[in-house]
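One structure below.
Just so it is clear: chains get the letters A, B, ... in the order the sequence lines come, proteins before strands, and each one is counted from 1. Note that these values count all heavy atoms, side chains included, but never hydrogens, waters or copies made by symmetry.
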Amino acid sequence: MLDAPVGRLEGALGQASVIVGLEARKLAHDPTELFLRAIQPALWLVVFGSVFSVIHAIPTGSETYLEFLTPGILAQSVLFIAIFYGIASIRERELGIITKFLVSPTPRLLLVGSRGVSASLRGLSQAVVVLLLATALRVPLSFTVVSVGGVLVAIVLGSTLFSTLSMIIASLVRTQERFLGIGQLLTMPLFFASNAIYPIAIMPAWLRPFAYGNPLTYLVDALRGLMVPSGGSLFPVAEDLGVLLAITLGLIAIASQLYPRLAQ
Amino acid sequence: MVPTAPGPAVVACRHLTRRFGEIVAVRDLSLEITADEIFGLIGPNGAGKTTTIKMLTTLLPPTGGTATVAGFDIVREPARVRRSIGYVPQLISADAQVTGFENLWVVGGLYRIPRHERRARAEEALERMGLGPVADVLVKNYSGGMIRRLEMAQALLHRPRVLFLDEPTVGLDPVARDAVWEQIDRLRRDYGTAVVVTTHYMEEADRLCERVGVIHRGEVVALGSPAELKATLGQPGATLGDVFTHYAGHEVELGGAYREAGRTRRIAARLE
Ligand SMILES: Nc1ncnc2c1ncn2[C@@H]1O[C@H](COP(=O)(O)OP(=O)(O)OP(=O)(O)O)[C@@H](O)[C@H]1O
Ligand SMILES: [Mg+2]
């Protein structure tokens, strides 16, 4: 019966849901990580954001600097969490747990894709923190059904994208030391060559192509378009989400080829 | 020559080979394992036992030769092989951060056991392994013996035809070791599951395996029932340990890399 198309779809959904559910249960048993993770974006918003709002150092057009910054900080915390997600796979390799997933009949694409999506649970928890803080700082954000739904979709896409990239790196380097080195090497350029904390318009010309090639730019732009309707987003939200989706699918395809190396 | 065993073969290796650069971890391995036996693989550190099992469980592609498991080719039909086997790795396969029941729930989902059956199956498996009372305890609080039994429950949840156990008793005290073997034996009696097991404990292999293959530097150097192997030495009162020494020697092997040794010990320490 499981070979009938309906049974197969049900089976695949079951596989995806237990992989995402496992991550949720881990976080429920030990949520300390979520609280610790919330500190960094809070500092960025409260200290960096407030100071730069007052000194008007960064031209952001009609919006205040805090309005401009809030989506950028949310995107940044999604990036910082997701880009280190692969270390969990390296730990699982060292313990042996990774083999449990790879000897099971879960298709590789589904395995990697679901693990990527499961990483967005952490990203979503960050969204709650950033949005609460921004509201407390009286940043006028849009809270319609469409904007909130869109923000959730953008965060899931962005988290899946960067965590899949992280799993690719983990599959290639396979040790924690090398992985941490590369992760740190990657985060700063991704962050600074994006529109997260300043507009692309004020970047030196040589940096702009990198910013337009940087997936983080599209995540920030989508969030900005959704959360700050008056604000200057570069592209329509649907285009931003389309770019994120296309890159994510490409990365999942690559990761599904490389991930089994973690059990060899 | 492929030594044939009576009964239908559930594992059949033909010239199975795996290289890692210069190292030939498994060389031209040919053997058959039948549906109703417990088959032991013994050999010194670095002999190629884990590499063989990783190839048979589709985790590692062979660089030469092939094998069938439950009638399916490990290279051409890996998905079918995966549905037919259970695997308990040499390291660890239970997640410490969730409970025993949650570990089984996840595995049930991965093997596409429908939701309405999954809970009952998981609970039954926990009972069977004597873990009913600790089903809702986080696995990080389990003892080494409990972890191993949970891992066996995971590997059996989908009722595989072949079960691969890589050093299931390493680091366990004698009571926990006996409990693991008792489960292996019951399994074969109740479900007719074929079992392929590696161990460094010769008394265990002698007592519990129908047939044993001695593997040395990637090659099978002796194959037969423990009684047959002991008889080949021609000394009355020979043990399987003597067989091991005779075929695999005592010399210190250079094969097992430092890193691997570190890993195994760390896990063994955790399991204790
Ligand atoms: N991923 C790998 N890359 C390189 N060499 C490897 C790899 N895996 C195993 N080897 C090498 O292959 C050989 C066989 O290793 P294997 O793990 O199969 O031995 P084993 O019989 O299981 O040993 P032990 O009793 O210590 O578990 C060893 O020389 C080992 O160093
Ligand atoms: Mg081994």
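- In this structure, the separation between CH2 on B:W105 and CZ on A:R25 is 7.5 Å, given to the nearest 0.5 Å.
- Here the closest non-hydrogen pair linking B:K49 and B:P44 is NZ-O, 3.1 Å.
- Among B:L59, B:L60, B:T58, the residue making the largest number of heavy-atom pairs under 4.5 Å with chain A is B:L59.
- Remark: the B:D28 side chain and the B:T17 side chain contain no N/O donor-acceptor pair separated by less than 3.5 Å.
- To the nearest 0.5 angstrom, A:F84 atom CZ is 6.5 Å from A:L180 atom CG.
- Taking the six-membered ring for Trp and thresholds of 30 and 60 degrees, B:H158 and B:Y111 have nearly parallel ring planes, at less than 30 degrees apart.
- The part of B:V107 that comes within reach of chain A is its side chain, from C-beta onward, which places non-hydrogen atoms under 4.5 angstrom from that chain.
- Side-chain atoms of B:S93 and B:Y87 include no donor-acceptor pair closer than 3.5 Å.
- The salt bridge (charged side-chain N to carboxylate O under 4.0 Å, His left out) search around B:R118 returns none, not counting sequence neighbours.
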Requested in this report: Mind running side chain to side chain donor-acceptor pair (under 3.5 Å) on A:Y259 and A:S89 for me, showing each step along the way?
Outcome: CA-CA 9 Å; A:Y259 204 62; A:S89 298; 2.8 Å; yes
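- Between A:I90 and A:T175 there is no side-chain heavy-atom pair separated by less than 4.5 Å.
- Looking only at heavy-atom pairs under 4.5 Å with chain A, the residue among B:G109, B:P78, B:G108, B:G86 that has the most is B:G109.
- Contacts with chain B were tallied for A:I98, A:L13, A:T99; A:T99 has the most, counting heavy-atom pairs under 4.5 Å.
- With a threshold of 4.5 angstrom between heavy atoms, A:A12 approaches chain B through its backbone and through its side chain.
- Using a 4.0 Å cut-off between charged side-chain N and carboxylate O, B:R121 and B:E124 make no salt bridge.
- When the candidates B:Q154, B:R115, B:Q97, B:E102 are compared by the number of heavy-atom contacts under 4.5 Å with chain A, B:E102 comes out ahead.
- Under the ring pair (Phe, Tyr, Trp, His ring centres under 6.0 Å) criterion, A:F179 pairs with no residue at all, not counting sequence neighbours.
- Each of B:V106, B:V81, B:T50, B:T51 has some count of heavy-atom pairs under 4.5 Å with chain A, and the biggest count is that of B:V106.
- Ranking B:N103, B:L138, B:V98, B:T57 against chain A, the residue ahead of the rest is B:V98, based on heavy-atom pairs under 4.5 Å.
- The stretch residues 117-133 of chain A places none of its residues near chain B, where near means some heavy atom under 4.5 Å from a heavy atom of that chain.
- Contact annotation for residues 100-113 of chain A against chain B (heavy-atom separation below 4.5 Å, listed by residue number): A:K100, A:F101, A:L102, A:V103, A:S104, A:P105, A:T106, A:P107, A:R108.
- No side-chain N or O of A:R261 forms a donor-acceptor pair with one of A:S171 less than 3.5 Å apart.
- How far CD1 of A:I169 is from CD1 of A:I87: 11.5 Å, rounded to the nearest 0.5 Å.
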